[in-house]
Amino acid sequence: MGASAARLAALLLLLLAAAAAVGECVYIPYNTSAGVVGGKLNVHVVPHTHDDVGWLKTVDQYYVGSNNSIQGACVQNVLDSLAFFQRWWRQQSDMIKDIVKGLISTGRLELINGGMCMHDEATVHYIDMIDQTTLGHRFIKEEFGQIPRIGWQIDPFGHSAVQAYLLGTEVGFDAFYFFRIDYQDRDTRKGTKELEVVWRGSKTFGSSADIFAGIFPKNYEPPPGQFYFEVDDTSPIVQDDPLLFDYNVEQRVDDFVAAAIAQANITRTNHVMFTMGTDFKYQYAESWFRQMDKLIHYVNKDGRVNALYSTPSIYTDAKHAENVPWPLKTNDFFPYADNPNAYWTGYFTSRPALKRYVRVMSGYYLAARQLEFFKGRSNSDLTTDSLADALALAQHHDAVTGTEKQHVANDYAKRLSIGYTQCPLLNITYCPPSEMDLSQGKSLVVLVYNSLGWKREDVLRIPVISDSIVVHDSEGREVESQLLPIANASLYMREKHVKAYLGMLPAAKPKFWLAFPVSVPPLGFNTYFISSGKKSASVSLMSTLHSSQGSENSNMQIGQGQLKLQYNAAGALSLYSNSKTQVEANFEQKYKYYIGQDGNGSDPQASGAYIFRPNGTVPIKTDGQVPLTVLRGSILDEVHQQINPWIYQINRVYKGKDYVETEFIVGPIPVDDGNGKELSTEVVTNMATNKTFYTDSSGRDFIKRIRDYRSEWKIEVHQPIAGNYYPVNLGIYVEDGSRELSILVDRSVGGASIKDGQIELMLHRRLLHDDGRGVAEALNETTCFDNQCEGLVIQGKYYLKIDPQGEGARWRRTFGQEIYSPLLIAFAEQDGGNWVNSHVTKFSAMDPAYSLPDNVALLTLQAGEHKDLSALASVDLKRVFPDKKIVKIVETSLSANQERSAMEKKRLKWKVEGPPADEKIVRGGPVDPSKLVVDLGPMEIRTFLINFAPQSGEQLM
C-alpha cells in the first residue's frame, strides 16, 4: 500500500470511529406496502406528472429537451401523455418494454385518460375530441391490452358537459378528475363538501350518463406544506439519519398529517388524494420516490392517518366502496376565473386563424378517411395517419386554445399543413388550378365530394380570371352560374398573404368569383366542367353592380328568394323578412372593440392570451364616406361595406337559402395608440330575451346561460362582460317566446348576450401585454413579408337565421353539420380528350335511392333535438354499404376499445343525493344482425366495428 493510500485508509478509519461515537448507522427498509385501512383517514399518494405536448416549447423540443433557455424540460426522462409515451415506447428495447408491461399489468403504472393529448374542452369540436381519444385508446389496447377507466383533465381551463358524458361515460370511464373551476364556485364547494360530485352532463341521457367527478381542492400539485421533491426543488426533504444535522422526521410527518386533515375537512368519506407532481416533474424520479417512501413509512408508524401509494383507479374504487350518495352536478364549468378580474374567456377567440385552420383540417380529415375506406387502405400509399397525428396534437389545451408561444403555434400549423395540399389558400382567393387560362380549349374539372349522409344542394365559389366562362355538369348540361367581381379588400389580402406564406407573388390575378349551384349525392361526388365559351343568356349572368350613392333617401332591399334584407337610407342593415315563415324582425349589425387592460392599475391583471379583461368599450362607426356596393344576380346578392380602414364586411343572401352569410375581413388591428384591442361584432334586435341565451357544448348540446347568474352558486359580479362570455363552437341563440335568433360560426369563438335582444361574437384579438399565466408573451400575431411585419389579418364567416319559436334547432343541427363538413373540392385539367368516357363522374357509396335522416350524420352517428328530430332515427346499414356484405357487427364503446355490453356491465354506478329523477331516456336498442338497422335516440352516438366479406383480391376487414 502506498503512502497516499495509507493516509486515505487512516482517514476512513477516523471517520468510522467518529460515526460510531455518535451512534450506530443502520439501513432502514421503508415499508410502503400499506393498502386501504378501515376506520382511518386514508391518504392516497398519487405520483403524477403533467407534460404539455407543446406550450412554451414545441412538442419535439419538450421531448428531446432542447431549447432549454425557455424552459428546462426533457420528457424523454418522464412517462406521461400518450403522444410523448408513444415516442418513448418506440425507442425502447424489448427488455424495457417487458418491464413496463409488467408494471402496467400489475397496476403499478396506470394509463389514464389515454388520449394522444389532454385535449381542451372549450375550443374543440366533439368529433376531434373523439378522434384523438380513439387514436390513443387504440394504441393502448394494441400494445398493452388495457382499457383506461379514469378521465384525467387536470389542466384545461374550464370543463364541458360533453367531456363528462361523451368523453367520460360513453368511453367507459368510472370517474373524471380535474382542477380548474371558478374560484367562487370552488370556495362554495369547499364549504359544503361538494368538491366531489356525480356529474350529469346530459339532459337527454339523464342518469344513464352519470359519472363521478373529483375537483382538486387547490391545484393538481402536492398539498400545502412543501412536498415538491424534484432534484432542484426547495421543499425540505425527510432527513431521517440521526447521525446528520437537520433531522426532521417528526416535523415532516406533522406537515403531512396537517395537510391530510385539512383536505379531509372539505372532502366526504375517509379518503383523500394527494396529487404528488406537477408540470414536467419526475425527470429524475428517484428524488421523488425516495421522499415519498419515507413519508409513507413514517406517517404510518405515527399512526394518525394511513398513507398508501395509490392510483386514480384505486382511489375511485375506494370512494365507490363507501356506498354513499353524492351531490349532483349538471351543465358545465364555464366560464373559469381564478380571481375577481381574471376570467379565462379570452382564449375562446385567441389565435383565430389557427382555430379556423384546425376546424378546416378536421372536416377534411373526416372526408379523407371516408375516401380512404372506399378506395382501400394501402401501407405503400399515402395515408391519413400524419394528419391524424397532427390533428390530435392540435386539440391539446395549449394548442387550439391559442395559449402557446408564437413559435409553438407555428409548429402546430406546420404539422397540419403536411397533411393537406389542395388549394389551402382558397380562403384568401388564391387557387392556382381554378385560375388557369381556358382560352386554348382547356377545361377545368371540378370534383365535389359530400361526406354527409344526405344529398347536398349548395353553391360553389371559385376565383377565375375570365368572364367568358361556361359550366357543365357531369351529364353535359349547362349549369346556371354567376360572376361576381372580386373585392379589392380580398385581392389585397391575397397578394400580401400569398407572398408571406409562399414567398412569391401570385402568377395570375383573378377578376371574378364564379358561383354555380351543385348537387352532390350522399357519401359521394359529382363532377363539373368549366370551360371558355359563350354563356346562354338564360343560364348565366354577370352580377349587376349598384352603389348606395345617390339613393341616400330611400331604403334598399336584397334577396332573390324568400329571404329579404333591407338597408335603411343611412346604409345600415335594418330589417330581416322571410315570406315562407312569415318572420319579420328589425335588427342591426355593429362592430366594437374592447380596450385590453394593460395591467397598470391597482390590480396588475392584464388582458392576454388566456384572460379577457376589458378596460372600456369603443363602438366602431361606419365610415359614411364609403358607399355600399351591391351585387345582384340570379344565384345570390351581396352587399359589400368598408366598415372602417381595417374591417370589411360582405352580407350574402342566396336565392335558394333561408339564412344570411356574413363574411368579414379584419385586420391589421391598429395598436399605434398603445392599446391592445379585442374586436367583437354584434347583432342587435328588439327581442325581449330576459337575460337568457344558449351556447353549444363542444358542438353538441345547447346549454342555457343567464347573464350574471350561476345555477349552482351565487356569483359576485366583478367583470360583467368577460364573466358572461362562453365558448361557441357551433352556435349561439336567443329567443323571446315567438322567435329565435341563431348565429352559427366557422370556428371556435367567444360569445355572449351582454344586453337583452343582443348577441356578440369576439372575432379577433391583438394585445400588447402578457396576462401572467406562464406563456410570458403578448398575444400580438403578425404576418411578415418584404422584411416588414404587420398585424395578422383574418377572414371568416358566420351565419344568421331568425325562425319561429321552436323551429331553429333543425337548422342549427343540420346546417351546423354542413359547416363542419363542407363540400370537398378537387381540381384537374382536361386538355382535349373526353373525361367523361375515361373517369367515373358521379358516385355514391350508398344505395342511390337512400339517404340518411336529416338528424343523422356520419362519422359519427348523431341525432338532433328538434321536435321532429327527437324521436328514434333509423339507419339501414345494408343501404349505407350496398356493395359490401356485412358478416359481423359489434357495438363498442365510443372509442372502440371494448364491447359496449361489457363496458356497461363493469362501469360503476353512483348514488345521488335527493329523490330519483323523473326522466324518460330514449336510446337505440341492439342491432338485429339479419336486418342490420341501427336505431338512434336523440343526441345518441353509437360506435360499431363492422366486418365485411372480402371481395376479390381483398382481405377480410
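- Applying the ring-ring contact (aromatic ring centres under 6.0 Å, His included) test to residues at least two apart or on different chains, the pairs with a partner in residues 714-752 are Phe612-Tyr725, Phe693-Tyr726, Tyr694-Tyr733, Phe702-Tyr733.
- Judged purely by distance below 3.5 Å, without hydrogens or angles, the side chains of Glu638 and Asn651 never pair a donor atom with an acceptor atom.
- Listed for the Thr204 side chain is no donor-acceptor partner under 3.5 Å among the backbone atoms of Pro938.
- Between the Gln597 side chain and the Gln605 main chain, no donor and acceptor come within less than 3.5 Å of each other.
- Between Ala609 and Gly402, the shortest heavy-atom contact is CB-O, 3.9 Å.
- Under 3.5 Å, the side chains of Ser362 and Tyr820 contain a donor-acceptor pair of N or O atoms.
- Atom-to-atom distance recorded for Ser160:OG and Ile703:CD1 is 7.5 Å, nearest 0.5 angstrom.
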Item to check | Worked check of side-chain hydrogen bond (donor to acceptor under 3.5 Å, both in side chains) between Tyr591 and Gln649 | outcome: CA-CA 10 Å; Tyr591 287 87; Gln649 176 180 287; 2.6 Å; yes
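- With Tyr659 as the aromatic partner, Lys801 does not meet the cation-pi criteria of under 6.0 angstrom to the ring centre and within 45 degrees of the ring axis.
- Put simply, CD1 on Ile721 and CE on Met762 are 9.0 Å apart, with the number rounded to the nearest 0.5 Å.
- At a threshold of 4.0 Å, the pair Asp185-Arg189 counts as salt-bridged, since one of the basic side-chain nitrogens sits closer than that to a carboxylate oxygen.
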Checklist entry - Would Glu716 and Gln184 satisfy side-chain hydrogen bond (donor to acceptor under 3.5 Å, both in side chains), going step by step from the backbone distance to the final call? => result CA-CA 8 Å; Glu716 185 177 333; Gln184 295 183 54; 5.9 Å; no
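- A salt bridge links Lys592 with Glu760: the closest approach of a Lys/Arg side-chain nitrogen to an acidic carboxylate oxygen falls below 4.0 angstrom.
- The shortest side-chain heavy-atom distance between Lys580 and Asp658 does not fall under the 4.5 Å cut-off.
- Shortest non-hydrogen contact noted between Val653 and Gly559 is CG1-CA, 4.0 Å.
- Sequence neighbours left out, the pairs with a member in residues 744-753 that pass salt bridge (Lys or Arg N to Asp or Glu O under 4.0 Å) are Arg356-Asp746.
- Between His397 and Phe157, the ring planes lie perpendicular to each other; the angle is over 60°, past the 30° to 60° tilted range.
- Between Leu767 and Ala778 the shortest heavy-atom distance is O-CB, 3.6 Å.
- Using a distance-only test at 3.5 Å, with no hydrogens or angles considered, no donor-acceptor pair links the side chain of Lys691 to the main chain of Asp708.
- With rounding to the nearest 0.5 angstrom, the OG1 atom of Thr689 is 8.5 Å from the CD1 atom of Ile759.
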Next on the checklist: For Asp332 and His159: C-alpha separation, side-chain torsions, deciding distance, then whether side-chain contact (heavy atoms from CB on, under 4.5 Å) applies.
Outcome noted: CA-CA 6 Å; Asp332 61 11; His159 301 279; over 6 Å; no
Checklist entry - Thr685 and Gln758: side-chain hydrogen bond (donor to acceptor under 3.5 Å, both in side chains), yes or no, with the steps? => result CA-CA 6 Å; Thr685 73; Gln758 176 254 25; over 6 Å; no
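- Between Phe178 and Phe176, the two ring planes are tilted [angle within 30° to 60°].
- Tyr126 has its side chain within reach of Leu166: a pair of non-hydrogen atoms, C-beta onward, lies under 4.5 Å apart.
- Under the 4.0 Å criterion applied to side-chain N and carboxylate O atoms, Glu781 and Arg766 are not assigned as salt-bridge partners.
- Between the side chain of Trp199 and the backbone N or O of Asn331 there is at least one donor-acceptor pair closer than 3.5 Å.
- Panel note: side chain Thr692, backbone Asn690; a donor-acceptor pair is recorded below 3.5 Å.
- Under a 3.5 Å cut-off, the side chain of Asp637 and the backbone N or O of Tyr654 do not form any donor-acceptor pair.
- A donor atom on one side chain and an acceptor atom on the other are not found under 3.5 Å apart for Asn724 and Arg705.
- Electrostatic pairing of Arg707 and Asp756 counts as a salt bridge here, judged by a charged N lying under 4.0 Å from a carboxylate O.
- Using a 3.5 Å distance cut-off with no hydrogens or angles, the side chains of Ser607 and Glu678 do pair a donor with an acceptor.
- By the 4.5 Å heavy-atom criterion applied to side chains, Met129 and Ser698 are counted as neighbours.
- Contact annotation: the side chain of Tyr799 approaches that of Ile819 to within less than 4.5 Å [non-hydrogen atoms, C-beta and beyond].
- Inter-residue side-chain proximity for Gln153 and His119 is flagged as met; some heavy-atom pair is nearer than 4.5 Å.
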Next on the checklist: Walk me through whether Tyr610 and Thr401 qualify under side-chain contact (heavy atoms from CB on, under 4.5 Å).
Outcome noted: CA-CA 8 Å; Tyr610 301 88; Thr401 53; over 6 Å; no
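- Side-chain contact of Tyr165 with Asp701: a donor-acceptor pair under 3.5 Å is present, judged by distance alone.
- Every residue meeting the salt bridge (charged side-chain N to carboxylate O under 4.0 Å, His left out) condition with Asp736, not counting sequence neighbours, appears here in chain and number order: Arg739.
- A cation-pi contact, defined as under 6.0 Å to the ring centre and within 45° of the axis, is absent between Arg180 and Tyr336.
- The line from CZ of Arg186 to CD of Glu194 is 14.5 Å long, rounded to the nearest 0.5 Å.
- Between Asp803 and Val583, every side-chain heavy-atom pair lies at or beyond the 4.5 Å cut-off.
- The neighbour count for Lys190 NZ, taken as heavy atoms of other residues, nucleotides or ligands under 6.0 Å away, is above 12.
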Checklist entry - Run the side-chain contact (heavy atoms from CB on, under 4.5 Å) check on Glu807 and Glu740 step by step: do they pass? => result CA-CA 8 Å; Glu807 297 298 318; Glu740 295 179 14; 5.9 Å; no
Next on the checklist: side-chain contact (heavy atoms from CB on, under 4.5 Å) for Val660 and Leu563? Distances and angles first, verdict last.
Outcome noted: CA-CA 8 Å; Val660 180; Leu563 176 61; 4.0 Å; yes
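- Side-chain contact between Phe664 and His764 is absent, with no heavy atoms from C-beta onward closer than 4.5 Å.
- With hydrogens and angles disregarded, a donor-acceptor distance shorter than 3.5 Å links the side chain of Glu712 to the backbone of Thr330.
- Once rounded to the nearest 0.5 Å, the distance linking CG of Leu741 with CD1 of Ile732 reads 9.0 Å.
- Here the CZ atom belonging to Phe205 is positioned 5.5 Å from the CD atom belonging to Glu940, to the nearest 0.5 angstrom.
- For the side-chain hydrogen bond (donor to acceptor under 3.5 Å, both in side chains) condition, the pairs that include at least one residue of residues 341-350, sequence neighbours left out, are Asp338-Trp344, Asn341-Asp603, Asn341-Gln719, Ser350-Arg765.
- Residues meeting the side-chain contact (heavy atoms from CB on, under 4.5 Å) test with Leu575, sequence neighbours left out: Gln566, Glu584, Asn586.
- Among pairs with a residue in residues 556-575, none fulfils ring-ring contact (aromatic ring centres under 6.0 Å, His included), at least two apart in sequence or across chains.
- Between the side chains of Arg812 and Gln817, no donor-acceptor pair is found at a separation under 3.5 Å.
- Counting heavy atoms from C-beta outward, Ile558 and Lys564 have side chains that stay 4.5 Å or more apart.
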